[in-house]
Amino acid sequence: MTLEKENTQVKNVLDKVTILYAGDSGDGIQLIGNQFTNNTALYGNDLSTFPDFPAEIRAPLGTLAGVSGFQINFGNSSIFTPGDLCDVLVAMNAASLKKNLSRLKKRGTIIVNTAGFDKKNLRLAGIDPADNPLTNSSLEGFKVHEIDITKMTRENLKESSLGSKERDRCKNMFVLGFIYWIYNRSLDSTIDFLERKFKGKQEVLQANLKVLKSGYHFADTSETFSNRFEVKPAEMQPGKYRNIVGNQATALGLIAAAHRSDMNLFYGGYPITPASDILHELAKHKNFGIKTFQAEDEIAGVCSAIGASFGGDLATTASSGPGIALKGEAIGLAVMMELPLVLVNVQRGGPSTGLPTKTEQSDLLQAMYGRNGEAPMPVIAAQSPSDCFEMAYEACRIAIEHMTPVFLLTDGYIANGAEPWKFPSAEALKPIVLKVKDARAEEDAPYLPYKRNEDLVREWAVPGTAGAEHRLGGLEKDKETGNVSYDPENHQEMVKIRAAKVNRIAKHIPKQELDSGTTSSKLLILGWGSTYGSIKTAAKELQSEGVDVAHAQIRYIHPFPENLGEILSNFDKVIIPELNDGQLIKLIRDRYLIDAKGLNKIKGLPFRAQEIKEEVLNHLK
Amino acid sequence: MTLEKENTQVKNVLDKVTILYAGDSGDGIQLIGNQFTNNTALYGNDLSTFPDFPAEIRAPLGTLAGVSGFQINFGNSSIFTPGDLCDVLVAMNAASLKKNLSRLKKRGTIIVNTAGFDKKNLRLAGIDPADNPLTNSSLEGFKVHEIDITKMTRENLKESSLGSKERDRCKNMFVLGFIYWIYNRSLDSTIDFLERKFKGKQEVLQANLKVLKSGYHFADTSETFSNRFEVKPAEMQPGKYRNIVGNQATALGLIAAAHRSDMNLFYGGYPITPASDILHELAKHKNFGIKTFQAEDEIAGVCSAIGASFGGDLATTASSGPGIALKGEAIGLAVMMELPLVLVNVQRGGPSTGLPTKTEQSDLLQAMYGRNGEAPMPVIAAQSPSDCFEMAYEACRIAIEHMTPVFLLTDGYIANGAEPWKFPSAEALKPIVLKVKDARAEEDAPYLPYKRNEDLVREWAVPGTAGAEHRLGGLEKDKETGNVSYDPENHQEMVKIRAAKVNRIAKHIPKQELDSGTTSSKLLILGWGSTYGSIKTAAKELQSEGVDVAHAQIRYIHPFPENLGEILSNFDKVIIPELNDGQLIKLIRDRYLIDAKGLNKIKGLPFRAQEIKEEVLNHLK
Amino acid sequence: MPEVLKEKEQKKLSAKDFASDQDIRWCPGCGDYSILKQVQSVMPELGIPKEDIVFVSGIGCSSRFPYYMNTYGMHSIHGRATAIASGLKASRPDLSVWIITGDGDSLAIGGNHFIHLLRRNFNVNVLLFNNQIYGLTKGQYSPTSELGKKTKSTPAGSLDHPFNPLALSLGADATFIARSIDREPKHLKEILLRAERHQGTSLVEIYQNCNIFNDGAFSTFTDKTNKKENSVYLEHGKPLVFGAELDKGIILDGFHAKIVSLKDDNVSIDDLWVHDETDRNKANILVRFFEDNATDADARPRPFGIFYQEERGTYEDSLSQQLEQEVELKGAPDLNKLLAGANTWKK
Amino acid sequence: MPEVLKEKEQKKLSAKDFASDQDIRWCPGCGDYSILKQVQSVMPELGIPKEDIVFVSGIGCSSRFPYYMNTYGMHSIHGRATAIASGLKASRPDLSVWIITGDGDSLAIGGNHFIHLLRRNFNVNVLLFNNQIYGLTKGQYSPTSELGKKTKSTPAGSLDHPFNPLALSLGADATFIARSIDREPKHLKEILLRAERHQGTSLVEIYQNCNIFNDGAFSTFTDKTNKKENSVYLEHGKPLVFGAELDKGIILDGFHAKIVSLKDDNVSIDDLWVHDETDRNKANILVRFFEDNATDADARPRPFGIFYQEERGTYEDSLSQQLEQEVELKGAPDLNKLLAGANTWKK
Ligand SMILES: Cc1ncc(C[n+]2csc(CCOP(=O)(O)OP(=O)(O)O)c2C)c(N)n1
Ligand SMILES: Cc1ncc(C[n+]2csc(CCOP(=O)(O)OP(=O)(O)O)c2C)c(N)n1
Ligand code: SF4
Ligand code: SF4
Ligand SMILES: [Mg+2]
Ligand SMILES: [Mg+2]
């Protein structure tokens, strides 16, 4: 084990760094992760984060199950993933070290809180106290910095009137201060944050500030660290940026679409991990006239949204796998009634309750086919935290302009992850064309709610519109009057029309583009949704290593972009990496009859770029 | 119009005949259809039936919406469908003639109740009274027999003490007697039936018997009919036969499987058209120890079955599309817990409430993918009414022997249709191997509920078994202990194991066979489920016309029979007829990458053999 | 929501204006006809333009209802009308919303949304057509069918103790609970009017004869010969009197209701239980009238009318207020500010 | 069902025998711990072999419970434990079945199965852990949260009037209704025993502190200083007395409950309301004790104990009887006869 005690404080400049903060779920890891993220964003780096916490609210203290992690990758150029392996691992206790050591780079840096390696903690982590990793030689080769953070924190707060539990809770600030110093950062953003958070709680505020600064100064004066590092701000497109988390972006996308289309936003849903934060975010902005309705279950959630849509609101709901399963019947009703409705599925590990806090992409086929009868509807997917905004907005646009329910797929990874976002101005948002029926005179010909325009879209007449009274329902309907029709020919025609209507949306979405590479590349990596960052990183690295691959990421899954088949036809080899057992690949093989190969990871975790690179190289051997 | 009044009563021998009984839904059409079917079966013909009734309980009298129909095709050789077009149309009123005339063969026979063509009835049927089809020349070319059946019935019952409504209700018996005479049948089976049905209601019984006989004698003496016909008994495999309706067969299959495996049968479900009759049939046989539980909804239906399965019963449920949609989440739980469970989906027209009383095959992809996460389970389909028995039995066998929920797909067409059935003896049923854990001693090593055998099947330990106490649940489980596991590797392994377990069932199901034709035929018609009869008829006719086609019908859809790919590889052209917008075809194209072509009918009606023949010929042009 | 709320020209409407052009598809003789007629005839009295009225139903014979009303309507999915109406009313408090549901639709598959609607107290009207059977699926027993009922799904008799819909509603904190019957058109119309006037969820249980699968379920209360002996019509502030000759009454002896004869017994009309719509404890006794001693010689008559009514804020009013308050607190919506968030930087 | 019912060797078990080998995953300080302990300690007293006991739960913090019991168990899906237990009990009447559920699990998503379980009266025990919050999903308000509650999903305060779980249960015709609290282990144990002994569905609402998201929700009833002033413990046949010095009592004045002081007022203990577990009307008043005038000066104490109990046949008993009767009526099962049906012919 190398304990560095040199005196040189060189300021090293790095291109990018990955830090993994890990500790017990009571240690405030997520909080310092978020603080460091905001600080990094403000500093101007590009970045990507990956919070990873246990399913339990407070999993048993000190155990492997209780470990909470927050990984951040930041750099001076574009960053697309939270990083495969870390440069720095902060381990607040034995369990967090044990669990995460494999994620550290060779010769990486470990910062440990030695107080977390006492007998009790070792036992809880399932480590024989005789085998304490800090004292056996298992960490040889890493740069280990041992600090008794707990003790330092207590020392700092000797005078404080806070209880001992509350004092100990400040120890995360010590770590944060310590890291801020190493990466040459200002404490301001966190001081600001603490001042806002503990307004009115002076004691707590002062304690936190004190420990934060103490961590900073300790790094400076203790000289445990040989170097101070700097990651220069990234070259990014000029513009105004903010940091954004995926679920928050989704919520903002819905709000923006309501604003742009001049509609009221209605959200009906039932809490479920990892989708609840969309509800929480929307509920914060009720001054936008947003009606959030926490229903008794997911069925009521989607049904209330259907009711609101019938009433003329922009109606939305969000859930995750099990909840989406429950909504299937009602979604079919929305398909039949041809009302706008946005359904967000923040996917998580399945099947059944599965792995609620882990990420997965395994609900794509459910989105496509999880309803009785022929019930086609658009399915789109977001590819990064900030793209959740764009795609939520698109989901609303398509729903309103094409009178249809729309599925937006995100997942736990991008929903909880964060990245810098060059946010748009309200004025720059794509227009959304909302056509609602005007009042009609009594003398007019009978109103035909199912008459369609050239995109096969029917008209929207909302209650309160005189002369357009009509009845909708789940029984098959006559193709013009919308009245119940059992006519065999009408049924076939309506099934075909509903399918054609959705297919025609292909004319109103962007063409598929290659993200990198060319159509004459040897191999195409075809991804969808949240695998974007990992694939992009892998493709770029491969290309820079001279491997001729191309990368395309599908965001519009049903219908596919019109030119997708043409693009695919250029490649001999197509690899489809998915965080499932092979779902997009089924759609691609069925539709285009190409022998695409899957790369499937079903571990509740995103791809490492390395995993994709290896697979590509295998295929090119 | 040809009104035949000749005197010759030649007994003509025919190969096969299709009769369509049609009338108002209050006219007792389904009853005489069933009576004629039983009589025909007992007589020894092969046959196939197709009842077709309105969604309303009592749709408005006399209207097109209120028409109820019952078609039967019977013959002296194998019969696989209720027939494309009819030889004889019985029309009790104007609406039923109007609605069904297009289904009559050229020069076919019409038997009309003239009382059903008065002004009121014409108006209700939307016919201008000036344009009465009985008096204008629109029926020219058909053989029309006009009888005032209502008047004759009333005449017959002048003396009866019954009310006039009850008297009129006997008029269906007149028709039945009339037809019995024409086809040279004995009245015995119906007399028996009436005696049982109206036991204790002498007046009603006598009235019915009187009218039945009167119809018979009227045919004999009135000499309206030039010929009496006979369809000789069919050559069929030797054995004992009975007539069976699909839903009834499904119920019997479940009962038989419970009997053979020595288990108690539990059925938890909620009524829905066209699945309710399975519940009704099971409820009739409670002396078999069958527990039928009419739950508060479909979710409770499947959940109660899961509870019963956990308790060690053979647990089953049935529903149709919308109800199946609701069960999705709970089915995922059964997949995760790896408990036996049989789910029957009697498919109907979709999406949403769709066409509840019409048939369709549009829930296949829902069965395959309608759950969150990777939740694979076996899917099988019955191909005819009697095959519902076989496949329900198979569903149970697979569920029990492979510890998995199983989907059995039937549909309204075969569920309500009937055919002769060479029923098995209890002793001849395929064995079902049920292995349940015995009690264990306290000293034994900890019980491992997720340990698997060579087919990857875990063991079943039911409550009450000492020493095998364990907990199941919907969270991902450790691959041996079954305890909750968030371990990434374990999750991937379990997802793969669950998939592999289902795939291995392929080793325990019959190989795919060609129903007709050879592997060197020019084209393969590939069907699944209820299209069997239509495709078989089409293939046979084509073959007899010298067209070299082959036919295969898939009953095991997930997993496919091991040799399916090999069979398909023999054909340049594969046509897949389905009563949906193309669902099996997606699975085939994805899996085997062959450019199969679909033939899709989405009219709530089964294929006519003719439609398939035409499509095949088009493809061979 | 697009701008649809405008000055409405009030026009005198008749019942006929509320009939749609669709053929009615119930069995001849079905009790649904009479209910439809009363609803159509009460509509003009509400003074609401027909485009501002919405009928939402689930699935069942009764749930076909919206097709026959020339208003806005939705024939939704089984059991979910209550949930759909909740969203509709939250989004459009200006509409008059009527929920049509059956005993299966509301109390079997829809039980959960039903009780949650009641506790939330949206200002909507629920007409629960109770025929004690599943009509549309051709005659299985329902959660209100009597114990031991023989139906297609229970040839040997049902085993489940039925719900008492009004007791359940009281337990779910409903603010308006009433019962009427298809064959008493005047009473039904009156109750419908009162229901619409109540601010909050008005639950009206309507006994409805299914003459095909459960004929005569309520004949005790409709047969000319003895309906008056078997029914008591509740009126606020009036004593509980009944009988063909209004010669019977009910007194409350502690918590026990007893029938007395105004002729023979030593009681006058002044001694009788005076109905108080606002008394929940008494309502609890009233809703269980026929259960407690239905087999006793003094089996009590079935009450019809308004059992209970309470003023409680509606969900949509609270919601509207909250939205306004939030504007006051946080200011008018500013999308640009929202998109920018608290921390931005320039590149 | 395979033959698992055998002569069980009765072995003396201790609470420890009912603890599984799984690490407990609740937050330190969570009220769930104490309930778990009481359940584990009551088990040996039931005299049921542990393999004959099944714990079924839905999803929620509380629903983790079965993992910690060394019996058979199922941690099912959200809201469905009641439905699953119904099927289990119908198929295996011999088992002792315990349902563990939260206020969200049973009253939000699971509300329908909950009320149907109660009316059907399967002989199972329902332990409803009411912490008035969604714990597992990190703190949204639940159907039992008080109006105006500020949570993650309602930063400006909730708008829905909460359910009264016991009132709802009474409305759904429950046959056993009780309330206890995590911090009164002796009382809880007693109620658990009584619940198991009751033939039919026993509903036990257990106030449970979620110290993370809703800390102190029930401190009124647990804080040493004044819990005795705020709680009244019900015992059948005993008067309603409470207070630190047992110096207060409750009398019933018509339908209105009033607090009296046994010291000052002119009342003796004999004048007090005597608790009668079998009186549904009084139970209806008891369950609403704290609602009717919670803000009044004479805010009444919260009752704990058994509010109501009634004998009514269980669903599974009726089912077993019916199955036997059907054998008597139709004869022993004969599969060959069934397969052949009424009409066969030979070829
Ligand atoms: C999800 C779903 N399950 C089941 C059905 C079948 N179904 C339609 S209506 C109905 C019950 C009807 O009873 P009720 O609500 O009392 O209405 P009624 O027909 O008696 O007026 C059932 C079980 C359905 N349409 N959808
Ligand atoms: C179908 C479905 N919807 C939503 C969820 C998310 N969820 C899990 S538990 C829960 C509520 C928990 O509250 P409660 O039942 O009161 O239990 P507690 O955690 O408070 O003990 C929710 C909303 C889920 N797991 N499944
Ligand atoms: S089945 Fe019954 S409820 Fe339905 S329409 Fe006919 S009579 Fe009315
Ligand atoms: S979140 Fe609340 S209910 Fe859940 S374990 Fe923690 S303290 Fe208990
Ligand atoms: Mg009904
Ligand atoms: Mg809770």
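All values reported here derive from a predicted model rather than from experimental measurement.
Residues B:Phe293 and D:Ser86 come closest through the heavy atom pair CZ-CB, 4.2 Å. Of all non-hydrogen atoms in D:His78 and B:Glu329, the two that sit nearest each other are N-OE2, 4.3 Å. Listed here is the closest heavy atom pair of B:Ala426 and D:Leu335: CB-CD2, 3.7 Å. Pairing each heavy atom of D:Lys347 with each of B:Pro233, the nearest pair is NZ-CB, 3.6 Å. When all heavy atoms are compared, the tightest approach of D:Ala83 to B:Ala300 is CB-CA, 3.8 Å. Minimum interatomic distance between D:Glu51 and B:Thr465 (heavy atoms only, all atoms of both residues): CB-O, 3.6 Å.
Side-chain atoms of D:Gln325 and B:Asn287 form no donor-acceptor pair, as typed in the model, at a separation below 3.5 Å. Side-chain N/O atoms of B:Lys286 and D:Gln322 include a donor and acceptor closer than 3.5 Å.
In this structure, B:Lys291 and D:Leu319 have side chains that are in contact, with non-hydrogen atoms separated by less than 4.5 Å. Put simply, the side chain of B:Phe423 does not reach to within 4.5 Å of the side chain of D:Leu338, judged on heavy atoms. Residues B:Arg242 and D:Asn343 have side chains not in contact (no heavy-atom distance under 4.5 Å, counting atoms from C-beta outward). Side-chain contact between B:Glu469 and D:Lys50: present, with at least one pair of heavy atoms (C-beta onward) separated by less than 4.5 Å.
Contact annotation for B:Ala330: both backbone and side-chain heavy atoms come within less than 4.5 Å of a heavy atom of chain D. Contact annotation for D:Tyr68: neither backbone nor side-chain heavy atoms come within less than 4.5 Å of a heavy atom of chain B. Of the atoms belonging to B:Ser261, not a single heavy atom falls under 4.5 Å from chain D. The part of B:Leu429 that comes within reach of chain D is its side chain, from C-beta onward, which places non-hydrogen atoms under 4.5 angstrom from that chain. Residue B:Met336 does not touch chain D at all, counting heavy-atom pairs closer than 4.5 Å. Of the two parts of B:Asp192, neither the backbone nor the side chain holds a non-hydrogen atom closer than 4.5 Å to a non-hydrogen atom of chain D. Heavy atoms of D:Ser76 lying under 4.5 Å from chain B belong to its backbone as well as its side chain. With a 4.5 Å cut-off on non-hydrogen atoms, D:Ala81 does not touch chain B at all. In this structure, chain D has a heavy atom under 4.5 Å from the side chain of B:Leu333, while its backbone stays farther away. In this structure, chain D has a heavy atom under 4.5 Å from the backbone of B:Gln237, while its side chain stays farther away. Interface remark: D:Tyr315 contributes side-chain atoms only to the contact with chain B (heavy atom separation under 4.5 Å).
With hydrogens and angles disregarded, no donor-acceptor distance shorter than 3.5 Å links the side chain of D:Tyr67 to the backbone of B:Gly473. Under the 3.5 Å distance criterion, the side-chain polar atoms of D:Arg80 are left unmatched by any main-chain donor or acceptor of B:Cys303. Not one N or O on the side chain of D:Asn336 forms a donor-acceptor pair closer than 3.5 Å with the backbone of B:Ser425. Judged by distance alone, with hydrogens and angles left aside, the side-chain atoms of D:Lys330 form no donor-acceptor pair with the main-chain N or O of B:Phe288 at under 3.5 Å. In this structure a side-chain-to-backbone donor-acceptor pair under 3.5 Å is present from B:Arg471 to D:Met69.
By number of non-hydrogen pairs under 4.5 angstrom with chain B, the leading residue of D:Leu329, D:Thr344, D:Val327, D:Ile115 is D:Thr344. Chain B forms the most heavy-atom pairs under 4.5 Å with one residue out of D:Asn70, D:Asn112, D:Ile59, and that residue is D:Asn70. Per-residue heavy-atom pair counts under 4.5 Å with chain D were compared for B:Phe389, B:Phe310, B:Phe266, B:Trp421, and the maximum is reached by B:Phe310. Here B:His470 is the residue among B:Arg260, B:His285, B:His470 with the most heavy-atom pairs under 4.5 Å with chain D. Per-residue heavy-atom pair counts under 4.5 Å with chain D were compared for B:Asn38, B:Val302, B:Asn243, and the maximum is reached by B:Asn243. For the options B:Ser304, B:Ala234, B:Gly289, heavy-atom pairs under 4.5 Å to chain D are most numerous at B:Ser304. Across D:Ala342, D:Ala85, D:Ala340, the residue that shares the most heavy-atom pairs under 4.5 angstrom with chain B is D:Ala340. Looking only at heavy-atom pairs under 4.5 Å with chain D, the residue among B:Ala468, B:Ala41, B:Ser189, B:Ser309 that has the most is B:Ala41.
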Exercise. Given salt bridge (Lys or Arg N to Asp or Glu O under 4.0 Å), test D:Arg119 with B:Glu296 step by step and report yes or no.
Key: CA-CA 11 Å; D:Arg119 80 171 172 103; B:Glu296 57 272 26; over 6 Å; no
Practice problem: Could you walk me through whether B:Val484 and D:Gln22 pass side-chain contact (heavy atoms from CB on, under 4.5 Å), step by step? | Solution: CA-CA 9 Å; B:Val484 176; D:Gln22 293 294 293; 5.6 Å; no
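Remark: D:Lys37 NZ is loosely packed, at most 12 non-hydrogen atoms of other residues, nucleotides or ligands lying under 6.0 Å away. Under a cut-off of 6.0 angstrom, the local environment of CD in B:Glu235 is sparse, with at most 12 non-hydrogen atoms contributed by other residues, nucleotides or ligands.
By the 30° and 60° cut-offs, the orientation of the rings of B:Tyr241 relative to D:Trp345 is parallel.
Expressed to the nearest 0.5 Å, how far CD1 of B:Ile331 lies from CD1 of D:Ile77 amounts to 10.0 Å. Atom CG of B:Asn483 is separated from atom OG of D:Ser20 by 7.5 Å, given to the nearest 0.5 angstrom.
Listed by sequence position, B:Leu252, B:Ile255, B:Ala256, B:His259 are the residues of residues 249-259 of chain B in contact with chain D, using a 4.5 angstrom heavy-atom cutoff.
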